[in-house]
Amino acid sequence: MAVEARRFELSAPDWIVELVRLKPAAISWLDVLRMAVSVPTPLAVFLALGAPSLGTFAGMGAMATALADRGGPLRFRVARQVGVGFAGAVGLYVGHLAVGTGWAAVLVVAAASLASALMSVINAAASTAGLQLLVYVAIASGLPQPFAPWVIPALYLVGALWALLLSALVSLVGGVRAPEREAVAAVYRSIADLLADTGTDRAVAARQAVTDAMNAGYDALLSVRSRSAGRSPTFRELTALLNAATPVTEAAVTIAHLGKPVPAEIPAGMRAVAEAIRNDRPPPPMPESLRHPDTYRLRALRTGMNDVRELLKPEHQTVPTAPLLPPSMRERLVRWSDTILTGPATWLYAMRLVLCMSLAEILRGVLHLERSYWILLTVAIVLKPDFGSVFARGVQRALGTLGGVLIGAALLAIAPNGAWLLPFIAVAAGVLPIVMGRNYGMFAIFLTPLVSLLIDFSTHQGPSILLTRLIDTATGCAVALIFGYLLWPETWRVHLGPQVADAVDELADYLRAAFGTDVGAARRQRRRTYQTMSDVRTSLQRKLAEPPPVSTSAAAWWPMIVELEYAVDATTAAAIKSRDAVRTESGRPPAADAINLLVADLRDLAGALRGRRSPDEIPSPADEALQPIASRVRTARRIAAGPEPADRSLGAV
């Protein structure tokens, strides 16, 4: 049997293997306990008060908010959970406007779909909130409304607040869970070990350990990024730190190849950097021997360390995106819109989501299926590409729901209603954190009976509700796969290369305009550049979540896209600083020759990406004002060029 299973694994297409593969993921038993307590507690409280139907909506708020806690820094976890709580409540309120059939309901669903799609481009927290908005519009559109419109959203917020408080308590007990941050810190620790082992017989093994740590770091970040709802400042910061490790590694390998030991404070300083990354702290002091290096090898190491230290500074994450002149009210709106500018590709996805949700709403009115709002719900979840592959999620959700129906039917058949359902609800909720990151189909298997038990807690419909859910889910998957995937060939093709090259060209145009005399042209080009980057991020998010080989090809572009995002922000910041200096007569703008040199650098990079060649050797400008931009461009060029020859020394693979 094992031999046959192995033969199937070797012969099956990559996309099938990806659908059934269980991804490795650590189990947080605190999260298991948190989920097992979060969901059934509101149900138990309202059951004791004699109002189990009210407890269902509070339980929904607790479930959605508890699932939104995916670890990481506390401020981002709170942002995700607060966003989910608020968006879910709004969705429940808006959804009652779509109760029944008719074109008014279709328009409500279409408007909610458009808002959800555009929220997805802001960041991961907003994208998660956008999905919940759409999900609860779908749920509320099919539920009876025996209360005032504000009652159900209020109950949802009660459950959400309970889950948020429980998450805060767990974070105090268990601390911050960030295995991806630990993976990046491990890279710098391995570099420290290489420097410490220079001149010993352990150097070759230490060099291989650096390679292994780099591979593990990128794998960890890509794994988490592919499951992320969208752009996250934490992932962007960690990717930049991992990219910055390349020149540090090259300098360390050169030093190790020479075989001359370095002062002990240098590897110690590198370990201090690793601890700063691991604990999300400001950079430690630069080792004394690197402040005034006496060899070109140490100077190269100092240059790399300076870039890493800049990334660790708290102010690095707050790049100003203000207009280039003192802002009017109109400019303040433009300043806010910079973070949500969308290009044609993003709008195309938004229209696709609107089309499928509108078709699902029309189909729901035509078929008159019991609990047919599940059709809308399924389309919303499957067609949200920033949460995963449309194709993979459609197939996995259909198969997972089938398995969940069987489990749910068995539970509802053997368990009486009311309080007897609470232990089963607790178990189903507690399993979700274990399977969430491993396979979406398995997640659907346990989510299906949980939602069904929540609904049956107050409606007492029994096992028949699960067959209805299976029919509606299959219908929704068919709508999403046909009208949201199969009719759009670009969804399974990789076009990131030309898009990234276009983004580099837009950045070159923006760089020239930002330091020019025409402020209006600079503003217009800034918007075009942000729109182009928005399209690149949208395409990346979709492609990362597709089965191989699409996701494999897309993953190779992610480190460069991160550097280009930083370069765009750095250009805005440098332009603001330069114009402020000119206005206050405290400085002068960068020299035209330096700007032209950096623009030529970017043009060559764009040409190299289109021609699939290594970038030419072009010197970086020496102008201090342009250094934050030049640093990001250098890293992007290094990524495009691949590993340096020194990277293959000391037996590196």
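Since we're looking at a predicted model, the values are computed, not measured.
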Shortest non-hydrogen contact from Ala58 toward Pro42: CB-CB, 3.7 Å

Where Ala360 and Ile375 come nearest, the two heavy atoms and their spacing: CB-CG2, 4.0 Å

Validation: residues 153-166 side-chain donor-acceptor distances under 3.5 Å, sequence neighbours left out:
unit_1	atom_1	unit_2	atom_2	d
Tyr156	OH	Val84	O	3.4
Trp162	NE1	Ser38	O	3.0

Roughly how far, to the nearest 0.5 Å, is the CD atom of Gln499 from the CE atom of Met533? 10.0 Å

Under the side-chain contact (heavy atoms from CB on, under 4.5 Å) test, residues paired with Leu33 that sit two or more places apart: Val37

Please identify each residue that fulfils side-chain contact (heavy atoms from CB on, under 4.5 Å) with Leu114, with sequence neighbours left out. Leu118, Trp347, Ala350, Met351, Val354

Minimum heavy-atom distance Leu133-Ala115, with the two atoms named: CD2-CB, 4.2 Å

Mind checking the OG1-CG spacing from Thr529 to Asp569? Nearest 0.5 Å is all I need. 11.0 Å

Short side-chain to backbone donor-acceptor contact, Ser113 and Val109, under 3.5 Å: yes

Write down the atom of Met35, the atom of Pro40, and the distance for their closest heavy-atom approach. O-CD, 4.2 Å

If I take atom CG from residue Leu131 and atom CE from residue Met119, how far apart are they, to the nearest 0.5 angstrom? 10.0 Å

Any heavy-atom pair between the side chains of Leu134 and Leu353 that's under 4.5 Å? yes

Show the nearest heavy-atom pair for residues Glu361 and Ala105, with the distance to one decimal. OE2-CB, 3.5 Å

Below 4.5 Å, heavy atoms only, C-beta onward: do Phe424 and Val427 meet side chain to side chain? no

Which heavy atom in Val379 sits nearest to a heavy atom in Cys356, and how many Å separate them? CG1-CB, 3.9 Å

Value rounded to 0.5 Å, distance of CG in Leu376 from CG in Leu359: 10.5 Å

Compare all side-chain heavy atoms of Thr65 with those of Gln132 and state whether any distance is below 4.5 angstrom. no

When you compare the side chain of Val94 with that of Val90, does any pair of heavy atoms fall below 4.5 Å? yes

If you round to the nearest 0.5 Å, how far is OH of Tyr136 from CD1 of Ile152? 12.0 Å

Any donor-acceptor N/O pair, Arg34 side chain to Ser167 backbone, under 3.5 Å: no

With a 4.5 Å heavy-atom cut-off, do Ile434 and Val32 have their side chains touching? yes

Less than 4.5 Å apart, any side-chain heavy atom of Met60 and any of Leu92? no

